[in-house]
Every structure is written in C-alpha cells, then in structure tokens.
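Worksheet: one structure, shown below.
Everything numeric in this text was worked out from a predicted model, so none of it was measured.
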Amino acid sequence: MQLYIIFILIFTAVFPAFADVTANGISDKDDRTVYLYTGDASVTDPFQLDAAKFKPMPDRFSLGYTREPHWFKISFKSETDTPLKRFVSLEDGFMFDRVDFYQIRDGKLIKVTNDGVYVPAKVKEEYYHGAVSLLTAEGKGVTDIYVRAETKTPCLINLRIVDETAFNHYNKLRMFFLSLLTGSMLAIAFYNLFIFFSLRSKEYVYYFIYVISALIFMQAQTGFVVDMYGMYGDTRTNLFISVYLMSVFLLLFTQQVLETKKHLPLLHKIFNAVIVIDVLGILAALVLGMKETLFLQTPFVMLTSVVMAVLSVAAIIKRIHSAWYYFIAVGISIVTIFISSMMLMGRIEYTIFTRNAYFFGCVAEAVLLSWLLSYRINSLRSQTIAAQQELIDMKDRANKQLESLVYERTKELEVKNAELENLAVMDELTGLYNRRFLLATYDKKLKTCADEGKYLVFILLDVDFFKKYNDLYGHHKGDDALKKVSGILIHSFRRTSDHVFRIGGEEFVVLCTADTQEEAAELGETLRRNIEAADIEHKEGVDGKLTCSVGVYAVNDAEVNFSTAYRIADQELYESKNGGRNMVSVFKG
C-alpha cells in the first residue's frame, strides 16, 4: 500500500510538466517567439515603445525579483480568411499584480485586456489561474500582442499563444492530476494523523501539519487554488506563510524523530532559535503583508536548509536512529530549494523542471519522511519482538535456577527473620535487651537457678538526677550518657549467664546468678562503683558526677513471678534514692 502511494505521489508530481509538454506539442504551430523590451518600461502606451529595443527570448525565462514593470511582445500570423480563436496565456499570471494585454493590428489598437491578482474576477475574460487574453484574428494578417506585467515577486515568463483545443486539454489534464495529487497528499497526511491518535507520539502530528502546509504551498505555487476554489485576489501571502509553517513543523518533526535534545543539544537550541525566527516571519507576513516581507522568505528558507543540512550530517556521525532516511529526504529538499531559488533569481534557465523543482522536492521529502515514520514503527515492532524473546529466554533461565534460588532465598529469609527477631527484643539506643525480652527471659532463668540451687539476682538500676542531666546538657548528651552506662553494664556482667536490659528511660535491669545473698549484694555494689568510677560529669549530680541508685533482690523461690520480683527490687531502689542516692539497697527478707 505504501509503495502504491509513493508511486502515485511521484507520478502526479511530474505529470503537470508532462501535461504542459503535451499541450505545447498540440499547439506548436501557434507558439510564437516572445520579445522582451529592453528600453524604458515605465511607459503605459504600447505605441511609445521603441521597436528596435525588443530582443527575442527563450520560450520560458525568469527575470528574477523586480519591482519594475516589464513589456513583452508576441505576434500571431493568420494565413486564412476564416476567423481564428486563440488564447494568449501568461501561465504564471497568478504571481503578477497586474497584466495588461494590448492587441494591435495594422497599427491600430483593437483590444485591451486586464488581468492579474488585483484585477476583479468579474472583468477578467477567463476563469483561469494565469493571466489570459482572448484573441480573435479576423482574416489574414499579423496581430501583435503587447503585454505589460507588474510584480513584486519573481518575474517568471511563460507566454504563449494556443488554440482552444490545446488550452482546454491542458487545463483538464492539469486539474485532474493536481486533484489526484491533493487527494494522495491528504491521504498520507491523515494516515499519519490516525497513527498519532493511536500512538500519541508528537512526530506524527508534526508531520501531518507539515504535509498540509506543503499541500497549501503547492496549491498556491501552481495556481490550483484559483482553478479549484475560485480564490481570486492575492493568495501569495498564503503561499509565503505556508513556507514558514513548513519550516516550523519540519524542524519540530526533526527534533522529535532524531531526538536532538538528547543526542545533539547544541543543534537542538539552534533549531529552537530558527523556529522562533520562522514564527516571526509568519507574524510579519500577516501584519505587514507579502509585499513588505517577500525579501525575507528566501533567506529564511536558506537558513532553515543550512541548519537541517548540518543536523543531518551530525546525526549520521552520531549514528542516530533513522539518520540516513532523514539525510536523503533533506538532501533532496535542499537541492530542489537551491535550484528553485536560482531560477527565481534569474541565475539559471527557467524550465519545467526548475520551475517545479521545489514542488517535486516537497513531494519526495513528504514521501521519504513518511517512509521514515513507517521505518520507525517497524523498528519499534522489531525491538518489541526482540524484547519479548529476551523475556522468554530470561524466564527459561530463571526457571532453571529457581530451585537453587529458592533455597538461597529461604536461607537468607531465615537469617533476616532472626535479625528481625533480634531487633524486636533490642533497645534501639543502647543495643541492650528491652523489657519485652526481660519478660520472656525471667521465668526461664529463674527455673534454671532453682534447678541448680542458685539465686537469680534481680538488679534494678536508675541513673541519679537524669532529668536534670538532660535539662543541663541536652538530650543528645543524655543519650550519650545512657550509652556509656550501657557499656559499663555490659563490661561489668560478661558471663554467658548474665543479661542486661534497658526497660525505659534511665532504668536498667540486670539478671545474673549468685550462690549467696552476700554475693548478690556485692554484684550490685560493684556495678555502682564502676559507674561512679567512670567519672561522667554531672554538675547537679552527686559529687559532680553521674551516679546511680541500685535495688537488689536475690530470688531462690521458683514461685516468685516477675511482677513480684520487680516490685521488691523497685522498693529497694526507692530506699537507695531516699538514702541519698548513689547507694545500693538489698532485700533481706
């Protein structure tokens, strides 16, 4: 389907030229040499022209950009007494402000016809995109047709005399194939627009607007808007605006397709600047009009072309995806732009090819860019398939390794669970066991001590004046002090049967074993001395140091539960505090 569309586009792009050649072939006997007046062309009366200053010109020629009027002459010789009907046609007349035809026979002015974009349609002789004058030759003789043409655009001359059959034949062929081209361009544009609605990828909507702008440009450039839509008047502003729109959306399309922001950030910024310049060109054309901004069009187009040429080469060097497709499309466009620009400026010969070079380039560029988008879709599909196959392979490899991985993960999970269980019974600040683990440990250790005939020593410790310590030194220092006390506790009770707990705030519990109550009391006293000996400064503490009060309860009865043991140790701790703090009180009941 896409190859069919490409064939239609290329065929319809070149067919207007073929139709033109065919029409010429039919009317060759009526074509006459065109003469250009080389004298002062400002005169408005053909009888004031110096016949010696007319020089013969090719069938078609370009005088470039000019603001001066020009005079031309073409003659028709009738060799029969039968009246002959002919059309004097200036094919690019839709680009001229005004075209005046003067028919002179035997030295007498027999007819004047006015045409051009500023001549009302109702006074024109023919509904036609070009400037035309009807010639009726009555009997044998020569009729001279003087043509005075004014334009601010490039002065392109394709002046000829054709009979009615050739005139109508050419117009029908031209309308048919330009209509076919318009339909094909619209089809390919909307095809990509529908892809945009499906993929939501911005390059497709940029391409759609670019193709529509190119279509407007081509219709304006060929005068199709006059023949098809009857848009008499100056449509050249639409022509120039469409050129700017083509540049803007082609640049946006390029940024998206080649990912210039990612791969070529400097050129991306330059593209943004050129887009701004093109937008300013659109505003200037809308506000000031075509006449005042015409001189800007060619520099803008050339600037865009140069930037795109540099980018296409940079993209190939960077090996960016789709760069070669873009390079070929842009290369064709740039070559045809150069050819058309040279022809419009009168630097190279005006031929059917040079006249429509940019027209052909737009068609080729649109086709190749559409092909690029299709290539991207196919490439994306291939990448998706490759990714899916890779996923299948990965799944197979994963299944083969599943058993070993499950085993490894299970072992890791067991380790992690052990770590979590450990975290659940640990105090976060000091790293000691917490109250939860104390409750779970007490009964087990008491039973073990009862079985072995030993005492379970329950030591309850409280840091003296710790609230004042926090108020005086700050909570951060207070946390450091608790960590130091924890370290002293761990260092003081290092037997495997000893356990140290932080049960809240500045309160700590030690569970250890002793053979006698006296030994239990000595353990409490040793702990108190070790903390005092650490010499931790506390200006509002006992003797300017951080000290602790201790309550000790030695349990040898397996029936004493945790609550009872804690209550008794807490009473002894209370006795230590009442006794002046930094003391050990032992239960002797």
Side-chain angles (χ1 to χ4, degrees), residues 411-446 448-449 456-514 520 522-538 541-542 545-553 555 562-563 565-566 569-570 572-573 576-577 581-582 584:
K411 297 299 290 182
E412 291 177 4
L413 184 61
E414 290 176 354
V415 173
K416 293 296 182 183
N417 286 336
E419 292 177 355
L420 289 174
E421 289 179 2
N422 192 38
L423 289 174
V425 298
M426 298 294 289
D427 175 61
E428 184 177 357
L429 176 65
T430 62
L432 302 178
Y433 291 117
N434 58 20
R435 186 184 188 92
R436 176 182 178 184
F437 192 64
L438 172 62
L439 294 172
T441 304
Y442 174 81
D443 291 334
K444 294 178 183 180
K445 292 189 69 64
L446 181 61
T448 300
C449 288
L456 175 63
V457 183
F458 194 110
I459 302 174
L460 182 60
L461 177 150
D462 187 89
V463 179
D464 295 330
F465 304 112
F466 189 71
K467 184 177 183 305
K468 292 183 179 181
Y469 188 92
N470 273 335
D471 293 340
L472 182 62
Y473 296 97
H475 288 278
H476 180 69
K477 287 288 187 180
D479 291 343
D480 290 341
L482 292 177
K483 291 178 183 178
K484 292 178 180 178
V485 171
S486 301
I488 295 170
L489 290 171
I490 293 172
H491 182 74
S492 302
F493 297 92
R494 291 180 291 179
R495 295 177 301 179
T496 57
S497 59
D498 297 340
H499 290 81
V500 182
F501 308 86
R502 181 189 177 209
I503 60 174
E506 65 273 22
E507 279 193 332
F508 296 85
V509 170
V510 178
L511 292 181
C512 56
T513 60
E522 183 60 30
L523 288 171
E525 180 61 26
T526 300
L527 174 59
R528 184 199 66 77
R529 288 197 304 268
N530 288 344
I531 292 175
E532 183 181 30
D535 200 20
I536 301 172
E537 179 185 346
H538 186 359
V542 178
K545 299 179 181 180
L546 186 72
T547 58
C548 66
S549 298
V550 182
V552 180
Y553 174 42
V555 188
F562 174 81
S563 297
Y566 180 81
D570 189 55
E572 296 303 321
L573 176 63
S576 296
K577 289 183 177 182
R581 300 182 188 263
N582 193 24
V584 177

Flag side-chain contact, heavy atom, 4.5 Å: Val457 against Val510: no
Taking the side chain as every heavy atom from C-beta outward, state whether Ile490 and Leu432 have any atom pair closer than 4.5 Å. yes
Could you check whether any side-chain heavy atom of Glu506 comes within less than 4.5 Å of a side-chain heavy atom of Leu482, counting everything from C-beta outward? yes
Less than 4.5 Å apart, side chain to side chain, heavy atoms only: is that true for Leu523 and Leu527? no
Which label fits His499 and Tyr433: parallel for a plane angle under 30°, tilted from 30 to 60°, or perpendicular past 60°? tilted
Answer yes or no: is there a side-chain heavy-atom contact under 4.5 Å between Val550 and Val552? yes
Look at Glu428 together with Arg502 and state whether they make a salt bridge at an N to O cut-off of under 4.0 Å. no
Using a strict cut-off of less than 4.0 Å between a Lys/Arg side-chain nitrogen and an Asp/Glu carboxylate oxygen, indicate whether Glu532 and Arg529 qualify as a salt bridge. no
Pairing residues for Tyr442 by the ring-ring contact (aromatic ring centres under 6.0 Å, His included) criterion, not counting sequence neighbours: Phe562
Do NZ/NE/NH1/NH2 and the carboxylate oxygens of Lys467 and Asp471 come within less than 4.0 Å? yes
Applying side chain to side chain contact (heavy atoms under 4.5 Å, CB included), can you list everything that pairs with Ala534, at least two apart in sequence or on another chain? Ile488, Ile536
Report the residues that fulfil side chain to side chain contact (heavy atoms under 4.5 Å, CB included) with Asn470, sequence neighbours left out, ordered by chain and then residue number. Phe466, His475
